[in-house]
Amino acid sequence: MNRFVRAGAVAVAAALLITGCTSHSTTSSSTGSSKGGTLTILSDQNQISLDPAKSQGLAITSLGLVFRRLTTWKIVPGKDPKVVPDLATNTGTPSDGGKTWTYTLKSGVKYADGDPITTADIKYGIERSFAPALAGGLSYHKTLLVGGSAYTGPYSGKDLSSIETPNAKTIVFHLNSAYGDWPWIASMPAFSPVPKAKDTDPATYGNDPEASGPYQVASFQQGTAITLKRNPNWSAKTDSIRTAGPDKIVLGMNDSTSTTTQSLIADSGSAKDSFGASYLGAADLAQVKANPDAAKRLSTSKAGPLTYLAINTQKGALKDLKVRQALEYAVDRKSYLIASGGPQAGEDASTLITPGIAGRKAYNLYPAGADGDVTKAKSLLKSAGQSSGLSLTLLTQNDTSSLAQAQALQQGIERAGIKVTLKPEDPTSFYTDATANTANYDLALYSWQPDFPSANSSIQPLFASSEIGNGGNNVSRYSSPAVDKLIDQATATVDETDAQALWAQADKRIMQDAPVVPLTYAKQSFLRGSGVQNFGIASFPAYPNYLTLSLQQ
């Protein structure tokens, strides 16, 4: 999720834990699954944690190199994403009408130290994700599991009885209600195995976690880089998804997107075997397209992730629906899109469920036109008693692209007589402040790549009352009993068609309350060096698949 893959959680600049010269280039040149070399993933992120409890990373990005889960994703350009077995023998066996799910582990799966992976380790890994000290990870399972809402993790000596491990290879989950998307939930970071005996210091476990995937930590220098080396006990015989091409993978930090872009355009030295984890902003994208050689190495997704202006519905004048509706009309989407890079960077958005998600219904409750409807905005503000003197802060990231987008929003909104002050922050501070229990902002420029290809992931993490604060992504602080009821009903519906109808209903009901201003369905472009192979972007998610990359030998 852009949430450094905010996955969901995106939020306006992707990075390691997540999201062509040709408009819809999806693959790079490839000579097959070559082995060897050192792949470098360049990111402007200043900190990285490999703790699965705290991760919101997509299954195909960084943590997927180090950890396996019960299930994972099969991502192939040109095909719909598919949930497939990973550590488990299948994607789950439902019973009790979808309220109980059972998994059996494959034989022969081991950690890097040679110890066998057991279901007790998976249970413990999930349990520790409930600990307040490890907050911030994807949280779908926390409300789905029986007793999860009151559970606070294993460190007080208590276990979560709704996860049963009758033996070392069987694990059973008991849910509060039927949940047809549970196989996707079992692919999330918290479902990575964590041996209790190795979790002696939870605060630093992410620096050198016990690896179950094809790579393990060789060195960890926070703020500089993490180097991964091969896990000698990973076996391709039990893993059909990860190809483990490079001998080493370096996860870089503090590499500015502009510097990374220049290095990749030059395509010399180690840059040949590198790619940028952050998608390109308007200025960098223009430079790449002006260079024919670099343009050949650019991959661009289809329109997908939602970029939006979150409105803090619990703050001052923004509690008033008419004020929020005024913002819907005041925003200049045309200028925002230009600041983002033009049509090649996205398409105008009006719904919360993103293109490519089954069951999405197109609608537009606030037809303001490309550059807004200032007259309508002023009229709404006047009827709300806010015709003058309203001043708002806009939280944004401090990179060049995000600032340009925020300035476009600022200028558009100020046409309606609202003073907007920008509050730029580095990525780590931005996400900390946006998802904290206390919100010191009025507006926030955010974006979202669904955590899995279901409307569930477009709605629940962003608008359920349970996702306010504590690292949750309900950045608009939106709370509606009616919407919470709809979310619960849709979540409990196993029939896909019926569930999709409910999610579409929730989408429109939320927008009636105007907690966010949808801006664009983003197209995300990534640049690679000439030595990076199998670099593809499928229809979902809008990020490269880290698990299948290799280097030219």
Side-chain angles (χ1 to χ4, degrees), residues 1-10 14-19 39 41 43 45 47-75 83-84 86-87 109 111-112 117 121-122 124-126 128-129 134-141 184-195 198-199 202 204-218 220 222 225-231 234 239 241-244 246 248-253 277-278 428 431 449 451-452 471 541 543-549:
M1 357 224 225
N2 47 34
R3 42 186 208 159
F4 283 104
V5 171
R6 226 163 241 281
V10 256
L16 289 172
L17 302 181
I18 20 183
T19 125
L39 170 69
I41 304 175
S43 165
Q45 192 171 0
Q47 292 184 43
I48 295 175
S49 173
L50 294 180
D51 192 319
K54 298 192 289 185
S55 174
Q56 297 192 7
L58 301 177
I60 62 168
T61 54
S62 297
L63 266 71
L65 298 167
V66 179
F67 300 108
R68 298 178 66 179
R69 301 97 185 259
L70 285 173
T71 63
T72 191
W73 305 356
K74 185 174 183 178
I75 301 295
V83 62
V84 295
D86 193 358
L87 288 171
V109 290
Y111 292 109
I117 296 170
D121 300 336
I122 294 174
Y124 181 75
I126 297 169
R128 66 193 296 277
S129 72
L134 299 178
L138 295 175
S139 59
Y140 298 91
H141 60 286
W184 290 106
I185 303 303
S187 72
M188 293 183 178
F191 287 72
S192 306
V194 176
K198 302 294 179 67
D199 188 27
T204 61
Y205 180 78
N207 296 349
D208 189 17
E210 198 64 30
S212 49
Y215 297 95
Q216 60 181 318
V217 173
F220 189 108
Q222 190 64 277
I226 300 173
T227 300
L228 305 179
K229 63 181 181 180
R230 291 192 183 278
N231 169 1
W234 172 82
D239 191 343
I241 297 301
R242 300 165 181 82
T243 57
K248 291 183 180 180
I249 297 178
V250 177
L251 309 178
M253 287 174 263
S278 298
T428 299
Y431 290 115
Q449 165 74 68
D451 295 303
F452 56 97
Y543 297 94
N545 185 353
Y546 293 17
L547 309 187
T548 57
L549 298 177

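What you see is a predicted model; the values in this text were computed from it and never measured.
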| note | By salt bridge (charged side-chain N to carboxylate O under 4.0 Å, His left out), Arg69 pairs with (sequence neighbours left out) none
| remark: Sorted by chain and number, sequence neighbours left out, side chain to side chain donor-acceptor pair (under 3.5 Å) with Tyr205 holds for none
| All side-chain contact (heavy atoms from CB on, under 4.5 Å) counterparts of Ala211, not counting sequence neighbours | Val66, Ala112, Gln216, Asn231
| Leu549 and Asn545: which non-hydrogen atoms are nearest, and at how many Å? | CG-O, 3.5 Å
| message | Ignoring hydrogens, what is the shortest heavy-atom contact between Pro189 and Leu138? Give both atom names and the distance. | response | CD-CD1, 4.0 Å
| request: To the nearest 0.5 Å, tell me how far Leu87 CG sits from Ile122 CD1. | output: 5.5 Å
| said: Can you give me the closest heavy-atom contact between His141 and Ala190, atom names plus distance? | reply: CE1-CB, 3.7 Å
| Test log, rule side-chain contact (heavy atoms from CB on, under 4.5 Å), inputs Ile41 and Val250 | CA-CA 6 Å; Ile41 304 175; Val250 177; over 6 Å; no
| request: Output, in order, the C-alpha distance, side-chain angles, deciding distance and verdict of side-chain contact (heavy atoms from CB on, under 4.5 Å) for Leu65 and Leu547. | output: CA-CA 6 Å; Leu65 298 167; Leu547 309 187; 3.8 Å; yes
| Rounded distance (nearest 0.5 Å) linking atom CG of Asp121 with atom NZ of Lys198 | 9.5 Å
| message | Taking Arg68's backbone N and O only, do any of them form a donor-acceptor pair with Ser212's side chain (distance below 3.5 Å, no angle check)? | response | yes
| What are the two closest heavy atoms between Val217 and Pro209, and how far apart are they? | CG2-CD, 3.9 Å
| request: Apply side-chain contact (heavy atoms from CB on, under 4.5 Å) to Ala244 and list each qualifying residue two or more places apart in sequence or on a separate chain. | output: Lys35, Pro214, Tyr215, Arg230, Trp234
| Is there a side-chain contact between Gln47 and Gln222, using heavy atoms and a 4.5 Å cut-off? | yes
| request: Could you go through the side-chain contact (heavy atoms from CB on, under 4.5 Å) check for Phe452 and Ser187 one step at a time? | output: CA-CA 9 Å; Phe452 56 97; Ser187 72; 5.8 Å; no
| query | In Å and rounded to the nearest 0.5 Å, what is the CG to CG distance from Asp51 to Leu63? | reply | 8.5 Å
| Non-hydrogen side-chain atoms of Ser43 and Leu251 separated by less than 4.5 Å | no
| Can you list the residues that meet the side chain to side chain donor-acceptor pair (under 3.5 Å) rule with Trp184, with sequence neighbours excluded? | none
| request: Kindly indicate whether the side chain of Tyr124, heavy atoms from C-beta on, has any atom under 4.5 Å from the side chain of Pro195. | output: no
| Partner residues of Thr71 under the side chain to side chain donor-acceptor pair (under 3.5 Å) criterion, sequence neighbours left out | none
| task | List for me each residue that meets side-chain contact (heavy atoms from CB on, under 4.5 Å) alongside Lys74, sequence neighbours excluded, and say none if there are none. | result | Val76, Lys82, Val84, Ile241
| Ignoring hydrogens and geometry, is there a side-chain-to-backbone donor-acceptor pair from Glu210 to Val194 under 3.5 Å? | no
| Which atom names give the shortest non-hydrogen contact between Gly136 and Gln56, and what distance separates them? | O-NE2, 2.5 Å
| Gln45 and Met253: which non-hydrogen atoms are nearest, and at how many Å? | O-CB, 3.2 Å
| field | Set of salt bridge (charged side-chain N to carboxylate O under 4.0 Å, His left out) partners for Arg242, sequence neighbours left out | value | Asp86, Asp239
| task | Decide yes or no for Ser62 and Ile249: does some side-chain heavy atom of the first lie under 4.5 Å from some side-chain heavy atom of the second? | result | no
| Set of residues satisfying salt bridge (charged side-chain N to carboxylate O under 4.0 Å, His left out) with respect to Lys248, sequence neighbours excluded | none
| said: Just verifying a value: how many Å separate Ile185 CD1 and Ile126 CD1, rounded to the nearest 0.5 Å? | reply: 11.0 Å
| Does Ser129 reach the side chain of Leu134, with side-chain heavy atoms less than 4.5 Å apart? | no
| query | Do Phe191 and Phe67 have ring centres separated by under 6.0 Å? | reply | no
| field | Residues that Asn207 engages under side-chain contact (heavy atoms from CB on, under 4.5 Å), provided they are two or more places apart | value | Thr204, Phe220
